[in-house]
Amino acid sequence: MPSYKLVYFNIRGRAEPTRMMLNYVGQKFEDVRYSSEEWVKHKPTTPFQQLPYLEVDGKIIPQSRVIEGFVAREFGLNGASNEETTTIDLVTAVLKDIMDPLGKIFYEKDEVKKKELSATYYGETAPRFLKGLEDILKTNNGGDGFFVGSKISRADIVFYVSMELSLKDDVLKEYPKLYSLKERVAKDPKIAAYLKNPVSCRFTLVPTMPSYKLVYFNSRGRAETTRLILAHVGQKFEDVRYSYEEWARHKADAPFQQLPYLEVDGKRLPQSRAIHGFLAREFGLNGANNEETTKIDIIIATVEDLTAPVVKIFFEEKDEAKKKALFATYLEETAPRFLSPLEEMLKKNNGGDGYFVGSKLSRADIVFFSSVEFFKEEYGVFKKYPKLTALKGRVAKDPKIAAYLAKRPKTEF
């Protein structure tokens, strides 16, 4: 009987889905909530100097989405099949897209610009994703139950918390199936008891000889991990690469008006992370057990933290002098903060001379490789990380990946 300790601030935020899941399954846990003063004292000793983290029998699991995934798998809330798990991944990824813009709006200092951003969010962004979510919900029991199966899953709990944190009920009432789902979750006896405490799209993916079509732009970007996974397992796929002119014509028909999406026997699966998660599970690249899968999730979340600032620097900052200064700071301070623990995690498996988990390539190694390709040798970033450097070389030398890399189109990103 393991012991659980969840550490976060005294707010709902990124820890709330995990708190709610643990309450839903009736699992007792220590709910540690730091004040700002306490966090200053403990920050240097926490993983990546971030909260939340979950401690299970003394072993620490960082990264909120990783924690949620671990708990969901441990207590049967992550789907009864790869199809259901993929739907859950899809729903949680869409919910992240709903939540992410709110931070930018909240911290915007210019009140005029804040008002403009809010108008765009509530008039365009939120409706686009909420409609997609309601359509997904309707494919299971007509939308009168839950996102997958016949009981509450991780998707429903993350949905509930996200709606509580981001949207007023009058907005959600425009989507009656979603509004009813939120009420159903709140009425679950154990969740209802927890809430009273003041501290407090489904796809039928045919597994037999499916055909795959990946749709993205003519760049590596968010589709490259999926391309590399398909290449590594020897799975043929149609690699559709839109020009910007073609995308303008097709955007209205794409799921959530976003790329990439993967088409499997004509059924479309959006959201890059959900896509490569589906393929990793389908082709045995997602770990041999829950522990390995959780490590893979930690690696992926850490790599996302590593690369996210680069996107903002190169695609959002318009001032070239400022862009240069921001990137220099990134290379000197931000990148080492995440590369150092990645090197240490790698060393824990076979001394760092193999892969992140097990004895063969996994989703973690491929995500790492595709995400750090943009680091040019002259940056000198990897000089201090010999094990990560060697891992990059091992992935690139995999025979099927090497064959793909030799013939893929040359693109800047």
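Source: prediction; values computed, not measured.
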Does [Y] offer a backbone N or O that forms a donor-acceptor pair with the side chain of [X] under 3.5 Å?
{"X": "N10", "Y": "R33", "value": "no"}
{"X": "N349", "Y": "G358", "value": "yes"}
{"X": "E343", "Y": "L388", "value": "yes"}
{"X": "S340", "Y": "R337", "value": "no"}
{"X": "R281", "Y": "N286", "value": "no"}
{"X": "E134", "Y": "K177", "value": "yes"}
{"X": "N289", "Y": "E291", "value": "yes"}
{"X": "N218", "Y": "S243", "value": "no"}
{"X": "Y330", "Y": "L306", "value": "yes"}
{"X": "T87", "Y": "E83", "value": "yes"}

Heavy-atom side-chain contact between [X] and [Y] under 4.5 Å:
{"X": "L77", "Y": "I152", "value": "no"}
{"X": "Y160", "Y": "L195", "value": "yes"}
{"X": "W39", "Y": "T46", "value": "yes"}
{"X": "Y355", "Y": "L346", "value": "no"}
{"X": "T85", "Y": "F278", "value": "no"}
{"X": "I313", "Y": "V310", "value": "no"}
{"X": "K5", "Y": "L54", "value": "no"}
{"X": "Y4", "Y": "E30", "value": "no"}

Thinking salt bridges, do [X] and [Y] make one under a 4.0 Å N-O criterion?
{"X": "E292", "Y": "K295", "value": "no"}
{"X": "D89", "Y": "R273", "value": "no"}
{"X": "K182", "Y": "E164", "value": "yes"}
{"X": "E116", "Y": "K113", "value": "no"}
{"X": "R408", "Y": "E224", "value": "yes"}
{"X": "E320", "Y": "K323", "value": "yes"}
{"X": "R394", "Y": "D398", "value": "no"}
{"X": "R19", "Y": "E16", "value": "yes"}

Give, for atom [atom1] of [X] and atom [atom2] of [Y], the distance between the pair rounded to the nearest 0.5 Å.
{"X": "L90", "Y": "T92", "atom1": "CG", "atom2": "OG1", "answer": "8.0 Å"}
{"X": "K43", "Y": "S36", "atom1": "NZ", "atom2": "OG", "answer": "11.5 Å"}
{"X": "Q258", "Y": "R128", "atom1": "CD", "atom2": "CZ", "answer": "5.5 Å"}
{"X": "R363", "Y": "I229", "atom1": "CZ", "atom2": "CD1", "answer": "7.0 Å"}
{"X": "R154", "Y": "I157", "atom1": "CZ", "atom2": "CD1", "answer": "10.5 Å"}
{"X": "L259", "Y": "Y261", "atom1": "CG", "atom2": "OH", "answer": "7.0 Å"}

request  = For the pair V91 and V158, evaluate side-chain contact (heavy atoms from CB on, under 4.5 Å) and give the outcome as yes or no after the intermediate values.
outcome  = CA-CA 9 Å; V91 170; V158 174; over 6 Å; no
No-hydrogen, no-angle side-chain donor-acceptor test under 3.5 Å, D297 and T293 = no
query = Would you say the side-chain atoms of T225 and S370 include a donor-acceptor pair closer than 3.5 Å?
reply = yes
inquiry  = Using the rule given for side-chain contact (heavy atoms from CB on, under 4.5 Å), can you reason through L95 versus M163, listing the C-alpha separation, both sets of side-chain angles and the distance that settles it, and then say yes or no?
reply    = CA-CA 9 Å; L95 289 167; M163 295 302 98; 3.9 Å; yes
Distance-minimising heavy-atom pair for [X] and [Y]:
{"X": "S362", "Y": "V357", "answer": "OG-CG2, 3.8 Å"}
{"X": "L6", "Y": "P52", "answer": "CD1-CB, 4.4 Å"}
{"X": "T18", "Y": "I67", "answer": "OG1-CG2, 3.5 Å"}
{"X": "P101", "Y": "T125", "answer": "CG-CG2, 4.4 Å"}
{"X": "Y24", "Y": "K151", "answer": "OH-CB, 4.5 Å"}
{"X": "P127", "Y": "Y121", "answer": "CD-O, 3.7 Å"}

message = Working note: F75 + M21, criterion side-chain contact (heavy atoms from CB on, under 4.5 Å); need CA distance, chi angles, decisive distance, verdict.
response = CA-CA 9 Å; F75 292 99; M21 280 194 284; over 6 Å; no
Is it the case that atom [atom1] in [X] sees more than 12 heavy atoms from other parts of the structure closer than 6.0 Å?
{"X": "K114", "atom1": "NZ", "result": "yes"}
{"X": "R222", "atom1": "CZ", "result": "no"}
{"X": "R220", "atom1": "CZ", "result": "yes"}

request  = Measure centre to centre between the rings of F256 and F129, then say whether the value is under 6.0 Å.
outcome  = yes
ask   = So D239 and R241, salt bridge (Lys or Arg N to Asp or Glu O under 4.0 Å) or not? Walk me through it.
value = CA-CA 6 Å; D239 188 10; R241 295 171 177 248; 3.1 Å; yes
Just say parallel, tilted or perpendicular for the rings of [X] and [Y], cut-offs at 30° and 60°.
{"X": "F382", "Y": "F368", "value": "perpendicular"}
{"X": "F217", "Y": "W247", "value": "perpendicular"}
{"X": "F159", "Y": "F147", "value": "perpendicular"}

inquiry  = side-chain contact (heavy atoms from CB on, under 4.5 Å), that's the test. Do F146 and L181 meet it? Break it down for me.
reply    = CA-CA 7 Å; F146 304 101; L181 171 61; 3.7 Å; yes
query = Under the side-chain hydrogen bond (donor to acceptor under 3.5 Å, both in side chains) criterion, do D97 and Q271 qualify, and how do the steps go?
reply = CA-CA 10 Å; D97 280 343; Q271 294 286 352; 2.6 Å; yes
Would you tabulate the side-chain donor-acceptor contacts of residues 58-66 under 3.5 Å, counting partners in other chains and residues two or more places apart, or write 'none'?
unit_1 : atom_1 : unit_2 : atom_2 : d
Q63    : NE2    : D305   : OD2    : 2.8

key: Test log, rule ring pair (Phe, Tyr, Trp, His ring centres under 6.0 Å), inputs F314 and F327   = CA-CA 8 Å; F314 282 99; F327 191 55; 5.0 Å; yes
key: Results of side-chain contact (heavy atoms from CB on, under 4.5 Å) for N290 - residues two or more places apart only   = F70, R73, E74, T294
